[in-house]
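Just so you know, residue 1 is the first one in the sequence shown, and it goes up from there. All ligand and atom numbering here is 1-based and tracks the order in the structure. Keep in mind it's a predicted model, so treat the numbers as computed, not measured.
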Amino acid sequence: MANANGTVKGALDYLEGHFGDFQKTLVELSRVPSVSAEGFPPSEVRRSADAVADAMRRTGIENVEVLEIPGVHPYVYGDWLHKPGAPTILLYGHHDVQPPGRPEKWLSPAFEPTERKGRLYGRGTADDKAGVMAHVAAVASYLESSRDVPCNVKFVIEGEEEIGSENLGKFLDKYKQKLSADFIVLSDTANFDTGVPALTYQLRGICQVDVEVRCLDHPVHSGMWGGPVPDPVQILSSLIAGLQNKDGSLNIPGLYKDVAKPSKKQLKRIRKLPFDEKKFKRDAGLLEGVKLAGEKGYSVYERIWTRPSLTVIAMESHPIQGSSNQIVDSARARLSLRTVPNMDGRKAGGLLVKKLTANPPDNAKVTAKLNGTTPWWTTDPEGPAFEAARRALKAGFGKDTAMIGAGGSIGFVQPFADMLGGAPCLLMGVEDPPCNAHSENESLHLGDWRKVMRSAIHLYDELSRVEVKPRR
Ligand SMILES: [Zn+2]
């Protein structure tokens with residue numbers, strides 16, 4: 001393997017010499033406000049796709065194109081396929097971002113990437129433009145140093161991950177042939193800690209339900225009518241409060257019936273991980289004295305990775321500003337339910353709808369509807385591809401890899417794993433616990449980012465020696 005190692009060394013040296021250039025490109029990409037959510041200009045997501053495509057072309061990645069499906073935020077594709085007989089790696093990331101949140105909470109503007117104390121602050125700097133750029137940089141380092149990569153590589157950079165990959169099915173149907181591969185590497189997850197790499201082998205799914213309570217056909221004076229006339233806001237609040245039992249479990253009949261018990265192997269894996277409650281609270285940003293919530297009898301990691309949970313992600317009736325002594329006519333909330341193996345998202349959503357609409361207090365008009373679902377995903381992280389990834393991460397970080405679950409959802413993983421007939425999915429990311437992804441002051445730890453790039457360089461080399469199943 002002297003030859004392969006020589007190539008690896010060349011790529012690592014190139015990376016060290018040009019890290020600043022890759023950072024500049026990341027800054028350029030992060031300046032584009034590619035928010036995929038409704039109400040933000042889709043033209044910016046398109047501009048972002050073009051910028052990612054340009055960054056890829058500049059490095060020698062070939063066949064770069066912006067993939068279009070009418071009405072869908074554009075995806076970006078690119079490849080380098082000059083290694084006949086070697087495996088093909090599909091590298092996944094996304095270039096769309098979450099909305100910036102409250103501008104006054106940002107210490108530097110969301111779309112003006114700013115470096116402070118070894119971290120690059122800005123929306124998308126970590127999630128997931130750094131994930132995209134880590135692999136662009138790793139492939140570029142090979143191509144620039146030796147015009148050669150140990151494996152064939154294909155990039156697919158999604159434009160609608162942050163809104164649940166709604167059109168992924170359509171996209172896969174159209175581009176199935178183009179995306180065939182032996183391994184999938186996704187860089188959109190978190191590491192166990194700053195400086196401690198992780199491979200993620202389980203993700204929760206999600207289902208979203210909107211609920212509305214209506215009692216009146218118009219708001220009325222709260223003094224003249226208050227008492228006998230029911231208040232939709234209080235009814236909605238009581239319905240939401242009723243979804244939780246005293247022991248922290250969810251009060252949704254039938255919900256836990258399909259929840260899989262983690263295997264002994266998985267429990268052992270989870271229990272091996274160190275847990276520091278103080279640090280966990282600090283990383284989450286919990287205020288002094290606030291206690292942890294959730295189901296009794298399960299460790300914090302078990303609660304986040306292996307148990308369903310419910311969050312009220314929006315609630316509206318009347319804003320405080322401009323409020324007056326009224327009973328408002330209606331109130332609404334959006335609930336987000338995280339699902340785990342072996343729950344069915346649609347079924348879970350149906351149970352939640354049923355619970356909310358059965359026996360409404362005061363016979364109020366309660367309607368609830370399921371908006372959409374994203375599936376959970378799990379894999380058995382054993383075998384040569386995972387061993388190769390662990391070696392690569394150890395080489396990049398100088399530390400052993402933590403095997404973790406994640407509470408979040410990535411809609412892309414399950415459909416892709418299915419399409420590729422069970423090809424190993426390696427989820428290695430750039431985020432660390434204090435990165436504030438999805439919140440204000442999102443940031444990337446630049447030292448870890450460099451380690452991920454180094455790991456990626458090792459990974460392509462490691463995977464080139466893993467025997468692959470003949471493709472279906
Ligand atoms: Zn992401």
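Checked against a 6.0 Å centroid threshold, the rings of Tyr121 and Trp106 do not count as neighbours.
Atoms of the protein (N, O or S only) found under 2.8 Å from the Zn ion (ligand 1) are His94 NE2, Asp127 OD1, Asp188 OD1, Asp188 OD2.
For His82, the ring-ring contact (aromatic ring centres under 6.0 Å, His included) partners are Trp80, not counting sequence neighbours.
Here the side chains of Leu463 and Ile89 are in contact, with some heavy-atom distance below 4.5 Å.
A donor-acceptor pair shorter than 3.5 Å can be found between the side chains of Asn63 and Asp79. Side-chain contact of Ser48 with His95: a donor-acceptor pair under 3.5 Å is present, judged by distance alone.
A donor-acceptor contact shorter than 3.5 Å links the side chain of Asn152 to the backbone of Ala86.
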